[in-house]
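Notes follow the structure.
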Amino acid sequence: MRKITAGIFLSLDGVAEAPDTWHFPYFNDEMGAVVQKQMDAADTMLLGRNTYELFAAYWPGSDEEIADHMNGTPKLVVSRTLERAEWENSTVVGGPDPLAELARIKEGPGKNIGVVGSIELVRSLLRAGLLDELHLLVHPIVVGKGKRLFPEGDSIPLRLAESTTLSTGVLSLVYTPEAK
């Protein structure tokens, strides 16, 4: 059975939105290796509609080193409203219950399915019990504004499975759902 994993850049005050405005001063080869390890463990990307639309507008024309990976990797786009996904190797997971379809896909063969960005999708997967691992890179900065990974709402118990302190002060944390 495949795992669904999510990797999120997070500020100390829980902001996950727009990491491009605060994340890069902390990025180094050490963090790159952590991110690469998670990418290597997955053979499919899982995106919410908003992240999909941002990425589909950017990556096909990019000449960045990672562009081949972003364009060539199979992508699942969770959306109840998107009818087609035009970006290469993209498939819409929709219909009346996209989470049930994801549960079915998890049962198939393959490596991990990695959620990229898509914090609303991460929340939905956690609530539905479909997220197997939550990888957080917690940066030592208080951003002060922006969408938080966990706003007020559901209580979801998690278990710390792994923790590493990087040389920049970033914490690499891996959580799994608490056993029921």
Side-chain angles (χ1 to χ4, degrees), residues 2-48 50-52 54-76 110-126 130-179:
R2 302 170 86 177
K3 288 182 187 176
I4 296 180
T5 65
I8 303 287
F9 296 136
L10 199 65
S11 71
L12 196 56
D13 56 339
V15 174
E17 182 178 39
D20 57 307
T21 64
W22 50 265
H23 155 76
F24 286 108
Y26 303 96
F27 192 87
N28 61 9
D29 289 343
E30 185 181 26
M31 186 185 292
V34 170
V35 172
Q36 188 65 52
K37 181 180 174 185
Q38 189 176 2
M39 287 172 55
D40 291 346
D43 63 4
T44 304
M45 282 189 260
L46 182 59
L47 308 163
N50 291 337
T51 301
Y52 167 78
L54 289 170
F55 283 15
Y58 180 79
W59 288 111
S62 173
D63 60 357
E64 290 184 43
E65 185 177 322
I66 194 172
D68 286 344
H69 171 80
M70 297 300 287
N71 292 316
T73 300
K75 293 164 276 296
L76 301 173
K111 294 168 69 175
N112 291 349
I113 300 166
V115 181
V116 181
S118 307
I119 61 177
E120 307 247 352
L121 177 58
V122 169
R123 291 180 199 147
S124 295
L125 293 167
L126 274 169
L130 291 174
L131 190 70
D132 298 291
E133 293 179 357
L134 177 60
H135 296 247
L136 301 177
L137 286 167
V138 182
H139 294 58
I141 183 171
V142 175
V143 175
K145 63 180 179 178
K147 188 182 283 187
R148 286 169 166 62
L149 177 56
F150 300 115
E152 289 187 36
D154 300 332
S155 173
I156 303 169
L158 301 171
R159 182 182 66 77
L160 181 63
E162 185 181 318
S163 66
T164 306
T165 303
L166 306 182
S167 62
T168 58
V170 171
L171 299 176
S172 174
L173 308 171
V174 180
Y175 288 94
T176 58
E178 193 66 57

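If you're wondering where the values come from, they're calculated on a predicted model, not measured in any experiment.
Within the 3.5 Å criterion, the main-chain N or O of K111 finds a donor-acceptor partner in the side chain of R2. For the pair D13 (side chain) and G144 (backbone), a donor-acceptor distance under 3.5 Å is present. At least one donor-acceptor pair under 3.5 Å links the side chain of D132 to the backbone N or O of I4. Remark: the backbone N or O of S118 is paired with a side-chain donor or acceptor of T51 at under 3.5 angstrom.
Considering only heavy atoms from C-beta on, V34 stays 4.5 Å or farther from V170 through its side chain. L171 is not listed as a side-chain neighbour of L136, based on a closest heavy-atom distance of 4.5 Å or more. Within the 4.5 Å cutoff, side-chain heavy atoms of L173 are placed close to those of S163. Looking only at side-chain heavy atoms (C-beta outward), T73 and M39 stay at 4.5 Å or farther from each other.
Take A18 and apply the side chain to side chain contact (heavy atoms under 4.5 Å, CB included) test, not counting sequence neighbours, and it matches D20, T21. Under the rule for a side chain to side chain donor-acceptor pair (under 3.5 Å), the partners of N28 that lie at least two apart in sequence or sit in another chain are S167. Partners of D29 under the side chain to side chain contact (heavy atoms under 4.5 Å, CB included) rule, at least two apart in sequence or in another chain, do not exist in this structure. Applying the side chain to side chain contact (heavy atoms under 4.5 Å, CB included) test to A41 and every residue at least two apart in sequence or in another chain returns N112. Applying the side chain to side chain contact (heavy atoms under 4.5 Å, CB included) test to D40 and every residue at least two apart in sequence or in another chain returns Q36. Taking the salt bridge (Lys or Arg N to Asp or Glu O under 4.0 Å) definition, one finds that K147 meets it with E120, sequence neighbours left out. Under the side chain to side chain donor-acceptor pair (under 3.5 Å) criterion, E133 pairs with K3, H135, sequence neighbours left out. In this structure, D68 has no side chain to side chain donor-acceptor pair (under 3.5 Å) partners at least two apart in sequence or on a different chain. Listed by chain and number, the residues in a side chain to side chain donor-acceptor pair (under 3.5 Å) with E65 amount to none (sequence neighbours excluded).
Here CD1 of I156 is found 4.5 Å from CG of L126. Values are rounded to the nearest 0.5 Å. Atom CD of E17 sits about 10.5 Å away from atom OG of S11, to the nearest 0.5 Å. We find the CG-OG1 distance between L134 and T5 to be 9.5 Å, quoted to the nearest 0.5 Å. How far CD1 of I113 is from CG of D43: 7.5 Å, rounded to the nearest 0.5 Å. In this structure, S172 OG and E162 CD are separated by 6.0 Å, a value rounded to the nearest 0.5 Å. Considering CD of E30 and CG of L166, their distance stands at 4.5 Å, rounded to 0.5 Å.
Across all their heavy atoms, R148 and P151 have their closest contact at O-CD, 3.8 Å. Residue L10 comes nearest to G14 through the heavy atom pair CD1-O, 3.3 Å, listed as atom of the first residue, atom of the second, then distance. Of all heavy-atom pairs between P177 and L158, the closest is CA-CD2, 3.9 Å. The minimum heavy-atom distance linking I8 with G117 is given by the pair CD1-O, 3.7 Å.
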Can I get a per-line list of side-chain donor-acceptor pairs under 3.5 Å for residues 56-63, giving both atom names and the distance, sequence neighbours left out?
from: Y58; atom 1: OH; to: E64; atom 2: OE2; distance (Å): 2.1
from: S62; atom 1: OG; to: E64; atom 2: N; distance (Å): 3.0

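Sorted by first and then second residue, the ring pair (Phe, Tyr, Trp, His ring centres under 6.0 Å) pairs involving residues 142-176 (not counting sequence neighbours) form an empty list. Within the structure, ring pair (Phe, Tyr, Trp, His ring centres under 6.0 Å) pairs that include any residue of residues 26-46 comprise H23-F27, Y26-H139 (at least two apart or interchain).
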### Task
Go through the steps for L121 and L125 under the test side-chain contact (heavy atoms from CB on, under 4.5 Å), then give the verdict.
CA-CA 6 Å; L121 177 58; L125 293 167; 3.9 Å; yes
